[in-house]
Amino acid sequence: MKRFIGFVTKEFYHIFRDKRTMFILFGMPIAQIMLFGFAITNEINKVTIAILDLSKDAKTQQIITTINASKYFDIKQEISNENEIENVFKKGKIKAVLVFENHFIKNLETKKQAKVQVITDATDPNIANTITNYVNAILQNYAQKINENQLPPFSIQTQTQLYYNPELKSVFNFVPGVMTVILMLVSAMMTSISITREKELGTMEVLLVSPLKPFQVIIGKVFPYIFLSIINATVIVLLGYFVFKMPIVGSVFLVAFESILFIITALSLGILISTLANSQQTAMMFSLFALMLPVIILSGFIFPISSMPLPLQIISNIIPAKWFIIIIKAVLLKGASFEVIWKETAILIGMTAFFIFLSTKKYKKRLE
(Lines give C-alpha, C1' and ligand atoms only; values in the text may rest on other atoms or scores of the structure.)
Protein backbone atom coordinates (compact mmCIF):
# COMPACT_ATOMS: atom_id res chain seq x y z
CA MET A 1 0.00 0.00 0.00
CA LYS A 2 2.87 2.37 0.84
CA ARG A 3 4.39 1.72 -2.58
CA PHE A 4 1.07 2.54 -4.28
CA ILE A 5 0.70 5.79 -2.26
CA GLY A 6 4.29 6.69 -3.13
CA PHE A 7 3.58 6.04 -6.82
CA VAL A 8 0.43 8.19 -6.77
CA THR A 9 2.31 10.97 -4.96
CA LYS A 10 5.04 10.84 -7.61
CA GLU A 11 2.41 11.21 -10.36
CA PHE A 12 0.96 14.28 -8.60
CA TYR A 13 4.44 15.82 -8.44
CA HIS A 14 4.93 15.19 -12.17
CA ILE A 15 1.61 16.86 -13.00
CA PHE A 16 2.20 19.89 -10.76
CA ARG A 17 5.71 20.42 -12.17
CA ASP A 18 4.46 20.41 -15.79
CA LYS A 19 3.22 23.95 -16.45
CA ARG A 20 1.65 22.96 -19.75
CA THR A 21 -0.45 20.23 -18.11
CA MET A 22 -1.51 22.60 -15.33
CA PHE A 23 -2.57 25.16 -17.92
CA ILE A 24 -4.69 22.59 -19.77
CA LEU A 25 -6.22 21.28 -16.53
CA PHE A 26 -7.09 24.60 -14.91
CA GLY A 27 -6.37 27.47 -17.30
CA MET A 28 -8.47 26.32 -20.24
CA PRO A 29 -11.65 25.53 -18.24
CA ILE A 30 -11.48 28.93 -16.52
CA ALA A 31 -10.91 30.75 -19.81
CA GLN A 32 -13.72 28.83 -21.51
CA ILE A 33 -16.29 29.42 -18.78
CA MET A 34 -15.44 33.12 -18.76
CA LEU A 35 -15.78 33.34 -22.55
CA PHE A 36 -19.01 31.34 -22.67
CA GLY A 37 -20.49 33.14 -19.68
CA PHE A 38 -19.88 36.69 -20.88
CA ALA A 39 -19.79 36.40 -24.67
CA ILE A 40 -22.61 33.98 -25.49
CA THR A 41 -25.85 35.94 -25.36
CA ASN A 42 -28.71 36.62 -27.73
CA GLU A 43 -29.45 39.93 -26.04
CA ILE A 44 -28.28 43.21 -27.50
CA ASN A 45 -26.64 46.05 -25.62
CA LYS A 46 -25.63 49.46 -26.96
CA VAL A 47 -26.35 48.58 -30.57
CA THR A 48 -25.39 51.52 -32.75
CA ILE A 49 -28.32 53.10 -34.60
CA ALA A 50 -28.98 56.23 -36.65
CA ILE A 51 -31.95 58.62 -36.61
CA LEU A 52 -33.74 60.28 -39.50
CA ASP A 53 -36.12 62.77 -37.90
CA LEU A 54 -38.24 64.36 -40.63
CA SER A 55 -40.52 66.05 -38.10
CA LYS A 56 -38.07 67.53 -35.57
CA ASP A 57 -40.73 68.36 -32.98
CA ALA A 58 -40.91 68.02 -29.21
CA LYS A 59 -42.45 64.53 -29.22
CA THR A 60 -39.87 62.99 -31.55
CA GLN A 61 -37.07 64.50 -29.47
CA GLN A 62 -38.58 62.95 -26.33
CA ILE A 63 -38.77 59.54 -28.00
CA ILE A 64 -35.19 59.82 -29.31
CA THR A 65 -33.98 60.75 -25.81
CA THR A 66 -35.87 57.77 -24.34
CA ILE A 67 -34.36 55.36 -26.87
CA ASN A 68 -30.85 56.72 -26.35
CA ALA A 69 -31.23 56.46 -22.55
CA SER A 70 -32.00 52.73 -22.76
CA LYS A 71 -29.19 50.21 -22.36
CA TYR A 72 -30.07 48.60 -25.67
CA PHE A 73 -29.27 51.39 -28.14
CA ASP A 74 -26.58 53.96 -28.76
CA ILE A 75 -27.49 56.71 -31.24
CA LYS A 76 -24.29 57.32 -33.18
CA GLN A 77 -25.54 59.37 -36.09
CA GLU A 78 -28.35 61.63 -37.26
CA ILE A 79 -28.93 61.68 -41.00
CA SER A 80 -30.78 64.32 -43.01
CA ASN A 81 -32.42 62.36 -45.84
CA GLU A 82 -33.33 58.86 -46.98
CA ASN A 83 -30.56 58.75 -49.61
CA GLU A 84 -27.97 58.43 -46.82
CA ILE A 85 -29.46 55.24 -45.35
CA GLU A 86 -27.82 52.75 -47.71
CA ASN A 87 -24.40 54.40 -47.41
CA VAL A 88 -24.70 54.25 -43.61
CA PHE A 89 -25.46 50.51 -43.73
CA LYS A 90 -22.64 49.74 -46.17
CA LYS A 91 -20.08 51.10 -43.72
CA GLY A 92 -21.20 48.40 -41.27
CA LYS A 93 -21.21 50.55 -38.13
CA ILE A 94 -24.96 51.18 -37.95
CA LYS A 95 -27.35 48.27 -37.42
CA ALA A 96 -30.67 50.16 -37.70
CA VAL A 97 -32.14 53.49 -38.77
CA LEU A 98 -35.29 54.92 -37.15
CA VAL A 99 -37.29 57.19 -39.44
CA PHE A 100 -39.84 59.57 -37.85
CA GLU A 101 -42.42 60.70 -40.38
CA ASN A 102 -43.19 64.29 -41.32
CA HIS A 103 -45.64 66.14 -39.03
CA PHE A 104 -45.29 63.49 -36.33
CA ILE A 105 -46.82 65.55 -33.52
CA LYS A 106 -49.56 66.92 -35.81
CA ASN A 107 -50.59 63.40 -36.88
CA LEU A 108 -50.53 62.27 -33.26
CA GLU A 109 -52.85 65.09 -32.16
CA THR A 110 -55.25 65.11 -35.14
CA LYS A 111 -55.28 61.49 -36.36
CA LYS A 112 -54.39 60.05 -32.94
CA GLN A 113 -51.62 57.99 -34.53
CA ALA A 114 -48.12 58.51 -35.90
CA LYS A 115 -45.62 56.23 -37.61
CA VAL A 116 -42.02 55.28 -36.97
CA GLN A 117 -40.19 53.25 -39.60
CA VAL A 118 -37.58 50.75 -38.33
CA ILE A 119 -35.04 49.96 -41.05
CA THR A 120 -32.58 47.24 -40.05
CA ASP A 121 -29.45 45.67 -41.52
CA ALA A 122 -30.74 42.10 -41.87
CA THR A 123 -27.44 40.47 -42.83
CA ASP A 124 -27.70 39.07 -39.30
CA PRO A 125 -31.40 38.08 -39.04
CA ASN A 126 -31.37 37.45 -35.28
CA ILE A 127 -30.03 40.90 -34.46
CA ALA A 128 -32.49 42.52 -36.90
CA ASN A 129 -35.44 40.79 -35.22
CA THR A 130 -34.20 41.66 -31.74
CA ILE A 131 -33.71 45.33 -32.64
CA THR A 132 -37.25 45.55 -34.05
CA ASN A 133 -38.75 43.95 -30.93
CA TYR A 134 -36.83 46.25 -28.58
CA VAL A 135 -37.82 49.39 -30.50
CA ASN A 136 -41.47 48.27 -30.47
CA ALA A 137 -41.32 47.71 -26.71
CA ILE A 138 -39.79 51.15 -26.04
CA LEU A 139 -42.37 52.89 -28.26
CA GLN A 140 -45.26 51.05 -26.64
CA ASN A 141 -44.01 51.95 -23.14
CA TYR A 142 -43.75 55.59 -24.23
CA ALA A 143 -47.28 55.48 -25.68
CA GLN A 144 -48.66 54.09 -22.41
CA LYS A 145 -47.11 56.97 -20.44
CA ILE A 146 -48.57 59.72 -22.64
CA ASN A 147 -51.97 57.96 -22.72
CA GLU A 148 -52.54 57.98 -18.95
CA ASN A 149 -55.05 60.85 -19.14
CA GLN A 150 -55.69 60.83 -22.87
CA LEU A 151 -58.99 59.87 -24.48
CA PRO A 152 -59.02 58.62 -27.17
CA PRO A 153 -55.51 57.24 -26.73
CA PHE A 154 -52.54 58.06 -28.98
CA SER A 155 -51.08 55.25 -31.08
CA ILE A 156 -47.50 54.98 -32.34
CA GLN A 157 -47.23 52.44 -35.14
CA THR A 158 -44.00 50.91 -36.43
CA GLN A 159 -43.23 49.86 -39.98
CA THR A 160 -40.35 47.45 -40.52
CA GLN A 161 -38.04 47.39 -43.51
CA LEU A 162 -35.23 44.86 -43.88
CA TYR A 163 -32.12 45.70 -45.90
CA TYR A 164 -30.04 43.06 -47.77
CA ASN A 165 -31.98 40.08 -46.42
CA PRO A 166 -35.75 40.77 -46.58
CA GLU A 167 -36.64 37.09 -46.09
CA LEU A 168 -34.44 36.87 -42.98
CA LYS A 169 -32.57 33.80 -44.26
CA SER A 170 -30.04 32.73 -41.64
CA VAL A 171 -27.83 31.19 -44.33
CA PHE A 172 -26.87 34.73 -45.45
CA ASN A 173 -25.15 35.09 -42.08
CA PHE A 174 -23.76 31.57 -41.79
CA VAL A 175 -22.08 31.24 -45.20
CA PRO A 176 -19.59 34.10 -44.53
CA GLY A 177 -19.09 32.83 -40.96
CA VAL A 178 -18.46 29.22 -41.95
CA MET A 179 -16.13 30.40 -44.72
CA THR A 180 -14.13 32.36 -42.14
CA VAL A 181 -13.92 29.46 -39.68
CA ILE A 182 -12.84 26.94 -42.33
CA LEU A 183 -10.21 29.22 -43.86
CA MET A 184 -8.78 30.03 -40.43
CA LEU A 185 -8.62 26.41 -39.29
CA VAL A 186 -7.31 24.95 -42.54
CA SER A 187 -4.75 27.70 -43.05
CA ALA A 188 -3.55 28.37 -39.51
CA MET A 189 -4.00 25.02 -37.75
CA MET A 190 -2.76 22.78 -40.55
CA THR A 191 0.23 25.04 -41.24
CA SER A 192 1.26 25.10 -37.57
CA ILE A 193 1.00 21.31 -37.31
CA SER A 194 2.88 20.77 -40.60
CA ILE A 195 5.85 22.91 -39.58
CA THR A 196 5.85 21.60 -36.00
CA ARG A 197 5.98 18.03 -37.38
CA GLU A 198 9.27 18.89 -39.08
CA LYS A 199 10.62 20.31 -35.81
CA GLU A 200 9.47 17.29 -33.84
CA LEU A 201 11.11 14.86 -36.27
CA GLY A 202 14.31 16.94 -36.30
CA THR A 203 14.14 17.62 -40.04
CA MET A 204 13.41 21.35 -39.73
CA GLU A 205 17.02 22.15 -38.83
CA VAL A 206 18.18 20.17 -41.88
CA LEU A 207 15.86 22.26 -44.09
CA LEU A 208 16.98 25.54 -42.54
CA VAL A 209 20.68 24.83 -43.19
CA SER A 210 20.02 23.64 -46.76
CA PRO A 211 20.83 25.87 -49.78
CA LEU A 212 17.27 27.19 -49.59
CA LYS A 213 16.84 30.40 -47.64
CA PRO A 214 14.64 30.21 -44.51
CA PHE A 215 11.81 32.24 -46.07
CA GLN A 216 11.86 29.90 -49.10
CA VAL A 217 11.51 26.91 -46.80
CA ILE A 218 8.53 28.49 -45.03
CA ILE A 219 6.86 29.56 -48.30
CA GLY A 220 7.38 26.07 -49.69
CA LYS A 221 5.70 24.56 -46.62
CA VAL A 222 2.67 26.86 -46.69
CA PHE A 223 2.08 27.17 -50.44
CA PRO A 224 -0.01 23.95 -50.70
CA TYR A 225 -2.30 25.27 -47.96
CA ILE A 226 -2.77 28.55 -49.85
CA PHE A 227 -3.91 26.56 -52.87
CA LEU A 228 -6.21 24.28 -50.83
CA SER A 229 -7.70 27.22 -48.92
CA ILE A 230 -8.49 29.08 -52.16
CA ILE A 231 -10.33 25.96 -53.39
CA ASN A 232 -12.26 25.81 -50.08
CA ALA A 233 -13.24 29.48 -50.33
CA THR A 234 -14.39 29.06 -53.94
CA VAL A 235 -16.48 25.97 -53.11
CA ILE A 236 -18.16 27.71 -50.15
CA VAL A 237 -19.09 30.81 -52.18
CA LEU A 238 -20.39 28.70 -55.08
CA LEU A 239 -22.47 26.52 -52.73
CA GLY A 240 -23.89 29.63 -51.07
CA TYR A 241 -24.80 31.12 -54.44
CA PHE A 242 -26.18 28.09 -56.29
CA VAL A 243 -27.58 25.95 -53.46
CA PHE A 244 -28.72 28.51 -50.87
CA LYS A 245 -29.42 31.38 -53.31
CA MET A 246 -27.20 33.79 -51.41
CA PRO A 247 -26.63 36.88 -53.58
CA ILE A 248 -23.20 38.10 -54.61
CA VAL A 249 -23.89 41.82 -54.90
CA GLY A 250 -20.32 43.12 -54.86
CA SER A 251 -17.26 42.55 -57.01
CA VAL A 252 -16.15 38.92 -57.35
CA PHE A 253 -12.55 40.11 -57.82
CA LEU A 254 -12.73 42.03 -54.53
CA VAL A 255 -14.08 38.92 -52.78
CA ALA A 256 -11.18 36.90 -54.22
CA PHE A 257 -8.58 39.50 -53.21
CA GLU A 258 -9.88 39.79 -49.64
CA SER A 259 -10.14 36.00 -49.29
CA ILE A 260 -6.53 35.49 -50.41
CA LEU A 261 -5.43 38.26 -48.02
CA PHE A 262 -7.22 36.55 -45.11
CA ILE A 263 -5.72 33.18 -46.08
CA ILE A 264 -2.23 34.71 -45.99
CA THR A 265 -3.03 36.30 -42.59
CA ALA A 266 -4.16 32.94 -41.22
CA LEU A 267 -1.09 31.20 -42.65
CA SER A 268 1.22 33.74 -41.03
CA LEU A 269 -0.57 33.14 -37.72
CA GLY A 270 -0.09 29.39 -38.19
CA ILE A 271 3.64 29.95 -38.77
CA LEU A 272 3.80 32.02 -35.58
CA ILE A 273 2.10 29.23 -33.62
CA SER A 274 4.62 26.74 -35.02
CA THR A 275 7.48 28.84 -33.62
CA LEU A 276 5.94 28.66 -30.14
CA ALA A 277 5.13 24.93 -30.15
CA ASN A 278 7.69 22.12 -29.99
CA SER A 279 5.33 19.23 -30.74
CA GLN A 280 2.31 18.52 -32.92
CA GLN A 281 0.16 17.92 -29.85
CA THR A 282 1.09 21.30 -28.40
CA ALA A 283 0.42 23.00 -31.75
CA MET A 284 -2.98 21.30 -31.97
CA MET A 285 -3.99 22.33 -28.44
CA PHE A 286 -2.71 25.86 -28.90
CA SER A 287 -4.50 26.18 -32.25
CA LEU A 288 -7.79 24.92 -30.87
CA PHE A 289 -7.59 27.19 -27.83
CA ALA A 290 -6.21 30.29 -29.59
CA LEU A 291 -8.14 29.94 -32.86
CA MET A 292 -11.29 27.81 -32.62
CA LEU A 293 -12.96 29.44 -29.63
CA PRO A 294 -12.05 33.07 -30.45
CA VAL A 295 -13.05 32.67 -34.11
CA ILE A 296 -16.49 31.30 -33.21
CA ILE A 297 -17.19 33.43 -30.13
CA LEU A 298 -15.31 36.72 -30.54
CA SER A 299 -15.54 37.29 -34.30
CA GLY A 300 -19.18 38.38 -34.38
CA PHE A 301 -20.05 35.27 -36.41
CA ILE A 302 -22.79 34.07 -34.04
CA PHE A 303 -22.91 36.49 -31.10
CA PRO A 304 -23.01 40.32 -31.38
CA ILE A 305 -19.75 41.87 -30.20
CA SER A 306 -21.49 45.08 -29.10
CA SER A 307 -23.35 43.10 -26.41
CA MET A 308 -20.16 41.71 -24.86
CA PRO A 309 -18.32 43.29 -21.92
CA LEU A 310 -15.81 45.98 -22.89
CA PRO A 311 -12.68 43.82 -22.22
CA LEU A 312 -13.96 41.16 -24.66
CA GLN A 313 -14.80 43.84 -27.23
CA ILE A 314 -11.21 45.07 -27.01
CA ILE A 315 -9.82 41.52 -27.29
CA SER A 316 -12.01 40.89 -30.36
CA ASN A 317 -10.03 43.54 -32.25
CA ILE A 318 -6.98 41.25 -32.39
CA ILE A 319 -9.01 38.41 -33.94
CA PRO A 320 -8.40 38.49 -37.73
CA ALA A 321 -11.68 36.64 -38.33
CA LYS A 322 -13.67 39.61 -37.00
CA TRP A 323 -12.36 41.92 -39.71
CA PHE A 324 -12.75 39.35 -42.48
CA ILE A 325 -16.40 38.69 -41.59
CA ILE A 326 -17.09 42.44 -41.73
CA ILE A 327 -15.36 42.61 -45.14
CA ILE A 328 -16.98 39.56 -46.71
CA LYS A 329 -20.50 40.48 -45.57
CA ALA A 330 -20.07 44.04 -46.82
CA VAL A 331 -18.88 42.91 -50.27
CA LEU A 332 -21.09 39.85 -50.79
CA LEU A 333 -24.37 41.13 -49.37
CA LYS A 334 -24.13 44.92 -49.49
CA GLY A 335 -22.08 45.44 -52.64
CA ALA A 336 -19.51 47.55 -50.78
CA SER A 337 -16.52 48.87 -52.73
CA PHE A 338 -12.91 48.97 -51.55
CA GLU A 339 -13.41 52.56 -50.36
CA VAL A 340 -15.80 51.26 -47.68
CA ILE A 341 -13.65 48.36 -46.40
CA TRP A 342 -10.14 49.79 -46.76
CA LYS A 343 -9.70 50.22 -43.00
CA GLU A 344 -10.49 46.56 -42.29
CA THR A 345 -8.22 45.54 -45.17
CA ALA A 346 -5.39 47.66 -43.76
CA ILE A 347 -5.84 46.00 -40.34
CA LEU A 348 -5.50 42.51 -41.91
CA ILE A 349 -2.37 43.59 -43.78
CA GLY A 350 -0.92 45.01 -40.55
CA MET A 351 -1.67 41.78 -38.67
CA THR A 352 -0.04 39.72 -41.41
CA ALA A 353 3.12 41.84 -41.31
CA PHE A 354 3.22 41.60 -37.50
CA PHE A 355 2.84 37.80 -37.46
CA ILE A 356 5.53 37.38 -40.15
CA PHE A 357 7.89 39.73 -38.25
CA LEU A 358 7.53 37.75 -35.00
CA SER A 359 7.93 34.42 -36.79
CA THR A 360 11.05 35.56 -38.68
CA LYS A 361 12.58 36.87 -35.48
CA LYS A 362 11.96 33.56 -33.74
CA TYR A 363 13.43 31.46 -36.56
CA LYS A 364 16.53 33.68 -36.73
CA LYS A 365 17.12 32.98 -33.06
CA ARG A 366 16.90 29.24 -33.75
CA LEU A 367 19.51 29.53 -36.52
CA GLU A 368 21.87 31.46 -34.24
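Starting from 1, each residue takes its place in the sequence as its number. The analysis underlying the following values was restricted to heavy atoms, covering all of them including side chains, and did not include hydrogens, waters or symmetry mates.
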**Q** Would you say I67 ends up clustered with V99 if hydrophobic residues are merged whenever their side chains have heavy atoms under 4.5 Å apart, either directly or through other cluster members?
**A**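 In one cluster: no.
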**Q** Is it the case that the side chain of S359 and the backbone of L272 share a donor-acceptor pair, with hydrogens and angles ignored and the cut-off at 3.5 Å?
**A**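 Yes: the side chain of S359 pairs with the backbone of L272.
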**Q** State, to 0.1 Å, how close S229 and L183 come at their nearest heavy-atom pair, and which atoms those are.
**A**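 Closest approach of S229 to L183, heavy atoms only: O-CD2, 3.3 Å.
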**Q** If you count heavy atoms of other groups shown closer than 6.0 angstrom to NZ of K76, is the number above 12?
**A**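 Atom NZ in K76 is not packed in, count stays at 12 or less.
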**Q** Please round to the nearest 0.5 Å and tell me the distance separating atom OG of S170 and atom CG of D124.
**A**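 Reported to 0.5 Å precision, the distance equals 10.0 Å.
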**Q** The test is side chain to side chain contact (heavy atoms under 4.5 Å, CB included); show your working for F89 and V97 and say whether it passes.
**A** CA-CA 9 Å; F89 280 140; V97 177; 3.8 Å; yes
**Q** Are the side chains of V249 and L333 in touch, meaning some heavy atoms are under 4.5 Å apart?
**A**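 Heavy-atom side-chain distance check fails, nothing below 4.5 Å.
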**Q** Same cluster or not: I230 versus I182, using hydrophobic residues (I, L, V, M, F, W, Y) connected whenever any side-chain heavy atoms lie under 4.5 Å apart?
**A**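 I230 clusters together with I182.
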**Q** Using side-chain heavy atoms (C-beta onward) and a distance below 4.5 Å, is K90 in contact with S337?
**A**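 Not touching, per the 4.5 Å side-chain cut-off.
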**Q** Please round to the nearest 0.5 Å and tell me the distance separating atom CG of N102 and atom CG of L54.
**A**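 N102 CG to L54 CG: 5.0 Å, rounded to 0.5 Å.
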**Q** Are the side chains of T345 and L261 in touch, meaning some heavy atoms are under 4.5 Å apart?
**A**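 Touching, per the 4.5 Å side-chain cut-off.
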**Q** Taking all heavy atoms of A336 and all of L254, pick out the closest pair and write down the distance.
**A**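 In this case the closest contact between A336 and L254 is O-CD2, 3.8 Å.
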**Q** For a side chain to side chain donor-acceptor pair (under 3.5 Å) with Q117, tell me which candidate from Q161, E82, Q159 qualifies.
**A**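 Output: one option passes, namely Q161.
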**Q** Could you go through I131 and Y72, starting from their C-alpha distance and side-chain angles, then the distance that decides it, and tell me whether this counts as side chain to side chain contact (heavy atoms under 4.5 Å, CB included)?
**A** CA-CA 9 Å; I131 289 172; Y72 307 115; over 6 Å; no
**Q** With a 4.5 Å cut-off on side-chain heavy atoms, are M308 and L298 touching?
**A**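 Yes; the side chains approach each other to less than 4.5 Å.
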**Q** Is any side-chain heavy atom of I326 closer than 4.5 Å to a side-chain heavy atom of I341?
**A**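 When only atoms from C-beta onward are counted, I341 and I326 do not touch, as no gap falls below 4.5 Å.
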**Q** To the nearest 0.5 angstrom, please state how far the CG atom of L269 sits from the CZ atom of F354.
**A**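 With rounding to 0.5 Å, CG (L269) is 11.0 Å from CZ (F354).
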**Q** What are the two closest non-hydrogen atoms of L139 and I63, and how far apart are they?
**A**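 Taking every non-hydrogen atom into account, CD2-CG2, 3.6 Å.
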**Q** Give a yes or no on whether a salt bridge exists between D121 and K334, defined as a side-chain N under 4.0 angstrom from a carboxylate O.
**A**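 Yes, this pair counts.
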**Q** How long is the straight-line distance from NZ of K93 back to OG of S306, given to the nearest 0.5 Å?
**A**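 Separation between the atoms: 12.0 Å.
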**Q** Quick check: closest heavy atoms across I263 and S187, and the distance to 0.1 Å?
**A**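 What the structure gives for the nearest pair is CG2-OG, 3.8 Å.
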**Q** Are side-chain N/O atoms of S80 and E84 paired as donor and acceptor at under 3.5 Å?
**A**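 E84 and S80 do have a side-chain donor-acceptor pair below 3.5 Å.
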**Q** Under a single-linkage definition using a 4.5 Å side-chain heavy-atom cutoff for Ile, Leu, Val, Met, Phe, Trp and Tyr, are I325 and L348 assigned to the same hydrophobic cluster?
**A**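 Linked within one cluster.
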**Q** Does the side chain of M184 come within less than 4.5 Å of F324's, by heavy atoms?
**A**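 Contact flag for F324/M184 side chains = no.
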**Q** With no hydrogens and no angle check, do the side chains of T352 and S268 hold a donor and an acceptor under 3.5 Å apart?
**A**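 No pair is found: no donor N or O on one side chain lies under 3.5 Å from an acceptor on the other.
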**Q** Is there a donor-acceptor pair under 3.5 Å between the side chain of D74 and the backbone N or O of V47?
**A**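 No, D74 side chain to V47 backbone: no donor-acceptor pair under 3.5 Å.
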**Q** Strictly by modelled atom types, are T60 and D53 linked by a side-chain donor-acceptor pair under 3.5 Å?
**A**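 Short answer, yes.
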**Q** Indicate, with yes or no, if I328 and I264 share a hydrophobic cluster defined by side-chain heavy-atom contacts under 4.5 Å among Ile, Leu, Val, Met, Phe, Trp and Tyr.
**A**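 Looking at the clustering, I328 is in the same group as I264.
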**Q** Any side-chain to backbone donor/acceptor pair from E344 onto I327? Under 3.5 Å, distance only.
**A**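 Flag not set: sc E344 to bb I327 has no pair under 3.5 Å.
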**Q** Side chain of D57, backbone of I105: donor and acceptor closer than 3.5 Å?
**A**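 Yes: the side chain of D57 pairs with the backbone of I105.
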**Q** Quick check for you: to the nearest 0.5 Å, what is the distance between K169 atom NZ and M246 atom CE?
**A**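 Separation between the atoms: 11.5 Å.
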**Q** Quick one: CD1 on I319 to CD1 on I297, what's the gap to the nearest 0.5 Å?
**A**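 So the CD1 of I319 and the CD1 of I297 are separated by 10.5 Å.
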**Q** List the steps and the verdict of side chain to side chain contact (heavy atoms under 4.5 Å, CB included) for Y134 and I44.
**A** CA-CA 9 Å; Y134 282 12; I44 60 171; 3.2 Å; yes
**Q** When you look at OH of Y142, are more than 12 heavy atoms from neighbouring residues, nucleotides or ligands closer to it than 6.0 Å?
**A**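 More than 12 heavy atoms, drawn from other residues, nucleotides or ligands, come within 6.0 Å of this atom.
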**Q** Between L162 and L168, is the side chain to side chain contact (heavy atoms under 4.5 Å, CB included) condition met? List the steps.
**A** CA-CA 8 Å; L162 305 170; L168 290 176; 3.6 Å; yes
**Q** Tell me whether I85 shares a hydrophobic cluster with F73, the cluster being built from Ile, Leu, Val, Met, Phe, Trp, Tyr side chains joined at under 4.5 Å.
**A**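 Not linked; separate clusters.
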**Q** Which atom pair, heavy atoms only, marks the closest approach of E101 to S55?
**A**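 E101 and S55 have their closest heavy atoms at O-CB, 3.3 Å.
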**Q** Counting N and O atoms only, with roles assigned by atom type, does the side chain of S251 sit under 3.5 Å from a partner on the main chain of F253, one being a donor and the other an acceptor?
**A**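 Such a contact is found between S251 side chain and F253 backbone.
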**Q** Ignoring hydrogens and geometry, is there a side-chain-to-backbone donor-acceptor pair from S299 to K322 under 3.5 Å?
**A**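 Checked: no pair found.
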**Q** Does the side chain of W323 come within less than 4.5 Å of M351's, by heavy atoms?
**A**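 Contact flag for M351/W323 side chains = yes.
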**Q** Are F174 and F301 an aromatic pair, judged by ring center distance below 6.0 Å?
**A**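 Ring centroids of F301 and F174 are less than 6.0 Å from each other.
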**Q** Scan side-chain atoms only and decide if K112 and N107 contain a donor-acceptor pair under the 3.5 Å cut-off.
**A**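 Side-chain D/A pair, K112 to N107: absent.
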**Q** So which heavy atom on Q313 is nearest to which on I305, and how close?
**A**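 Here Q313 and I305 meet closest at CG-O, 3.2 Å.
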**Q** Could you tell me whether the side chain of V116 reaches within less than 4.5 Å of the side chain of Q157, counting heavy atoms only?
**A**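 A side-chain contact is absent here, since even the closest heavy-atom pair is not under 4.5 Å.
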